[in-house]
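Worksheet for the structure shown next.
In what follows, chains are A, B, ... by sequence order, proteins preceding strands, each numbered from 1.
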Protein chains: 2
Amino acid sequence: MNINVGTSASRTTPFLPVRGTPTISATSRGTRELLMSIAGPPRRYVRGQHLFHAGDSDPSLYVVESGSVKLYGITSSGAEQIFAFCLPGEFFGLDVLGEPAHGSSAGVLEPTTVRALPVPEIRAMYRRIPAVQHRIHRLLAHRINELYEQMMVLSKKRADERLAGFLLGIDARLPEPQRAAHILRLSMSRYEIGCYLGLALETVSRILRRFDDEGLTRTRTRRIQLCDLERLRALAGLALSGPARTTPGILFA
Amino acid sequence: MNINVGTSASRTTPFLPVRGTPTISATSRGTRELLMSIAGPPRRYVRGQHLFHAGDSDPSLYVVESGSVKLYGITSSGAEQIFAFCLPGEFFGLDVLGEPAHGSSAGVLEPTTVRALPVPEIRAMYRRIPAVQHRIHRLLAHRINELYEQMMVLSKKRADERLAGFLLGIDARLPEPQRAAHILRLSMSRYEIGCYLGLALETVSRILRRFDDEGLTRTRTRRIQLCDLERLRALAGLALSGPARTTPGILFA
DNA sequence: TACGATTTTTGACGCACATCAACACATTTT
DNA sequence: AAAATGTGTTGATGTGCGTCAAAAATCGTA
């Protein structure tokens with residue numbers, strides 16, 4: 001997304017006092033920092049490179065520092081299906097925590113740096129700091145609910161509703177500085193957007209054009225400005241307005 | 001599904017030696033039994049009753065003993081979307097382990113008995129028995145990969161391919177005795193099947209008719225016999241034949 | 001057994017979106 | 001600067017499946 005945030009560790013974790021179990025850990029805050037403390041060195045990649053493929057038994061998950069990554073699988077008939085786009089600060093590849101191998105492939109969309117977190121070290125951390133474990137559960141559970149949301153999109157929404165939701169979703173995940181202007185610089189092609197939303201790339205292009213004609217957006221290839229957030233939200237079926245959107249998750253499997 | 005298996009605890013857990021971390025626990029096998037040991041008493045429900053609704057902060061997850069349950073959500077436009085059908089032996093509602101409230105609703109499809117597992121007790125168990133924690137991770141991670149699969153179905157497959165996959169999926173999850181005959185006794189309506197597969201109920205009905213005409217199935221309302229497994233598998237895009245299908249998961253969020 | 005309610009089937013019709021096919025850009029290469 | 005390559009736009013056409021409507025079958029229950 002042509003964005004450079006500082007190290008993702010600089011992000012403050014919004015909230016997290018895990019209710020219920022009285023966690024013994026001293027630091028109930030800062031689990032993200034704890035997790036990041038076992039992250040390997042930043043690694044650079046360019047578009048087209050892969051961090052792992054479905055089936056790889058590489059035992060680590062990843063955090064995006066800058067750039068963006070797509071998580072995807074291949075249909076039985078050979079078609080690509082994108083499961084998620086991962087932006088700076090977000091974890092992905094979490095499924096190796098429970099499965100012997102990755103269930104999806106991770107491909108880089110633009111010049112990107114990521115850091116790896118070795119699964120064994122995460123497991124070791126569980127013992128010492130229960131809060132980390134709760135954090136991981138939060139991430140996994142949250143991801144499942146995100147996928148439920150995506151299922152509803154794929155099976156019930158029209159093309160324009162999907163696109164509106166997609167644009168708003170990206171927008172909401174931008175780091176503070178760029179979020180204000182509501183200008184997206186997409187790192188993915190029309191084809192990839194279509195792969196994610198279950199649409200043909202031509203449909204993506206056409207709907208985007210219509211949004212422009214109707215004053216919802218201002219599009220110049222991969223630079224998209226969101227002009228009428230209210231109408232976009234209405235289209236996407238989101239609650240109107242809503243200033244402070246809680247973006248607690250920051251994870252991907 | 002009009003099925004009565006013995007207590008789900010009688011199911012043997014297929015495999016699970018968690019690679020990597022050398023688990024200290026004495027019983028690396030039998031985590032399922034351990035989990036079941038904290039399950040509450042069996043509770044009976046009839047069609048239409050609910051175990052929880054999306055948003056409920058009921059801190060427990062559930063196991064189906066007999067009968068069946070649907071997990072679903074409501075779209076912004078008020079439409080129902082079914083995320084999963086839960087059969088005997090399967091866990092559901094796992095997302096409360098990480099989220100403060102349930103992310104979906106659980107409705108009963110037929111006379112059904114379930115048992116509840118209180119989240120606090122599961123958490124307490126983590127400390128004592130790390131293997132239980134790995135098991136939970138397995139369940140969550142596996143569920144995520146299942147949802148990836150379902151995303152591919154919803155966005156890339158034709159109606160007949162979806163239906164074929166659905167029927168085979170149910171079939172593979174039947175307890176041993178009935179699986180042999182490949183005769184399904186569905187507890188869900190055409191409408192509910194459509195809700196799950198992203199199709200109109202009329203389409204479900206029509207495709208089912210076509211399957212019958214083509215000799216793939218023999219349908220009498222909710223009793224469906226799978227006659228030509230090979231062709232069904234080919235349609236669904238599954239590997240041909242494949243005798244012993246590993247059904248490791250047995251979980252739902 | 002008979003009644004009403006729900007579910008399922010079947011047909012007719014229309015539309016949202018995929019597909020096919022050029023063409024227009026933009027970006028990189030030589 | 002021209003050529004090559006990938007990406008995006010736009011139009012024409014087709015179709016898979018949704019929608020609407022009504023009859024038929026099944027189920028629940030008196």
Side-chain angles (χ1 to χ4, degrees), chain A residues 2 46-48 70 75 77-82 107 109-111 152-164 166-167 184-213 217-224 235, chain B residues 2 46-48 70 75 77-82 107 109-111 152-164 166-167 184-213 217-224 235:
Chain A
N2 305 335
V46 300
R47 172 163 246 267
K70 69 174 174 182
T75 326
S77 52
E80 176 178 348
Q81 170 67 44
I82 294 181
L109 292 171
E110 63 186 318
M152 297 204 269
V153 169
L154 289 178
S155 85
K156 312 279 185 197
K157 303 257 190 184
R158 274 178 294 113
D160 54 352
E161 298 168 335
R162 298 185 201 192
L163 228 345
F166 170 74
L167 295 176
L184 315 183
R185 292 184 177 280
L186 300 180
S187 60
M188 65 292 282
S189 68
R190 301 288 190 259
Y191 170 76
E192 286 166 324
I193 296 174
C195 271
Y196 177 64
L197 294 176
L199 301 171
L201 69 298
E202 294 95 329
T203 304
V204 174
S205 183
R206 270 186 263 264
I207 302 275
L208 239 26
R209 178 61 147 83
R210 211 173 72 201
F211 282 177
D212 270 38
D213 290 346
T217 58
R218 197 171 318 239
T219 301
R220 250 174 21 231
T221 56
R222 293 195 182 185
R223 176 198 178 277
I224 302 185
L235 241 187
Chain B
N2 306 334
V46 299
R47 171 162 245 267
K70 69 174 174 183
T75 327
S77 52
E80 176 178 348
Q81 171 67 45
I82 293 180
L109 292 171
E110 64 184 318
M152 297 203 271
V153 169
L154 289 178
S155 85
K156 311 278 185 199
K157 302 258 190 183
R158 275 178 294 113
D160 54 352
E161 297 168 336
R162 298 185 201 192
L163 229 345
F166 170 74
L167 295 176
L184 315 183
R185 293 183 177 279
L186 302 179
S187 59
M188 65 292 280
S189 68
R190 301 289 190 258
Y191 170 77
E192 285 166 325
I193 296 174
C195 271
Y196 176 65
L197 295 177
L199 301 171
L201 70 297
E202 294 94 328
T203 304
V204 174
S205 183
R206 269 186 263 264
I207 302 278
L208 238 25
R209 179 62 148 83
R210 211 172 72 201
F211 282 177
D212 270 39
D213 290 346
T217 58
R218 196 171 319 236
T219 302
R220 251 176 19 230
T221 58
R222 294 193 182 186
R223 177 198 179 277
I224 302 185
L235 240 189

task = Could you walk me through whether B:K156 and A:E80 pass salt bridge (charged side-chain N to carboxylate O under 4.0 Å, His left out), step by step?
result = CA-CA 9 Å; B:K156 311 278 185 199; A:E80 176 178 348; over 6 Å; no
A:L197 backbone acceptor or donor facing A:R162 side chain under 3.5 Å
yes
**Message:** Treating B:R218 as the side-chain partner and B:D212 as the backbone partner, does any N or O pair qualify as donor plus acceptor under 3.5 Å?
**Reply:** no
Protein-proximity profile, nucleotides 21-30 of chain D, B/S/- by nucleotide at the 4.0 Å heavy-atom cutoff, equals B----S----
* Reckon A:R206 touches a base, only the sugar-phosphate, or nothing at all at heavy-atom distances under 4.0 Å? -> base
Measuring from atom [atom1] of [X] to atom [atom2] of [Y], what distance do you get when rounded to the nearest 0.5 angstrom?
{"X": "B:L208", "Y": "B:I193", "atom1": "CG", "atom2": "CD1", "result": "6.5 Å"}
{"X": "B:T217", "Y": "B:L167", "atom1": "OG1", "atom2": "CG", "result": "7.0 Å"}
{"X": "B:R206", "Y": "B:D160", "atom1": "CZ", "atom2": "CG", "result": "14.0 Å"}
{"X": "A:F166", "Y": "A:M188", "atom1": "CZ", "atom2": "CE", "result": "4.5 Å"}
{"X": "A:I82", "Y": "B:M152", "atom1": "CD1", "atom2": "CE", "result": "12.5 Å"}

Quickly work out the [X] [atom1] to [N] [atom2] distance and round it to whole Å.
{"X": "A:R210", "N": "D:dT10", "atom1": "CZ", "atom2": "P", "result": "14 Å"}
{"X": "B:M188", "N": "C:dT6", "atom1": "CE", "atom2": "C1'", "result": "18 Å"}
{"X": "A:F211", "N": "D:dG8", "atom1": "CZ", "atom2": "P", "result": "17 Å"}
{"X": "B:Y191", "N": "C:dT7", "atom1": "OH", "atom2": "P", "result": "11 Å"}
{"X": "B:I224", "N": "C:dT8", "atom1": "CD1", "atom2": "P", "result": "10 Å"}
{"X": "B:R47", "N": "C:dT7", "atom1": "CZ", "atom2": "P", "result": "7 Å"}
{"X": "B:L201", "N": "C:dT10", "atom1": "CG", "atom2": "P", "result": "13 Å"}
{"X": "A:D212", "N": "D:dT9", "atom1": "CG", "atom2": "P", "result": "9 Å"}

In terms of heavy-atom contacts, A:S155 and B:G198 come closest through CB-CA, 3.7 Å
Comparing nearest nucleotides in DNA chain C, the 5'-proximal residue of the pair A:G198, B:R209 is B:R209
Double-helix bend of the helix from C:dT1-D:dA30 to C:dT30-D:dA1, axes at both ends from 5 pairs, round to 10°, gives 50°
Apply salt bridge (charged side-chain N to carboxylate O under 4.0 Å, His left out) to the pair B:R47 and B:E192, showing each step before the final yes or no. CA-CA 13 Å; B:R47 171 162 245 267; B:E192 285 166 325; 2.7 Å; yes
Testing D:dC17, C:dC17, D:dG18 for proximity to the side chain of B:T203, the answer is D:dG18
Checking D:dG18, D:dT10, C:dT7 against the side chain of B:S189 (C-beta onward), the nearest is C:dT7
Would you say [X] reaches [N]'s phosphate, i.e. side-chain N/O to OP1/OP2 under 4.0 Å?
{"X": "B:R222", "N": "C:dT7", "answer": "no"}
{"X": "B:R190", "N": "C:dT9", "answer": "yes"}
{"X": "B:S205", "N": "C:dT8", "answer": "no"}

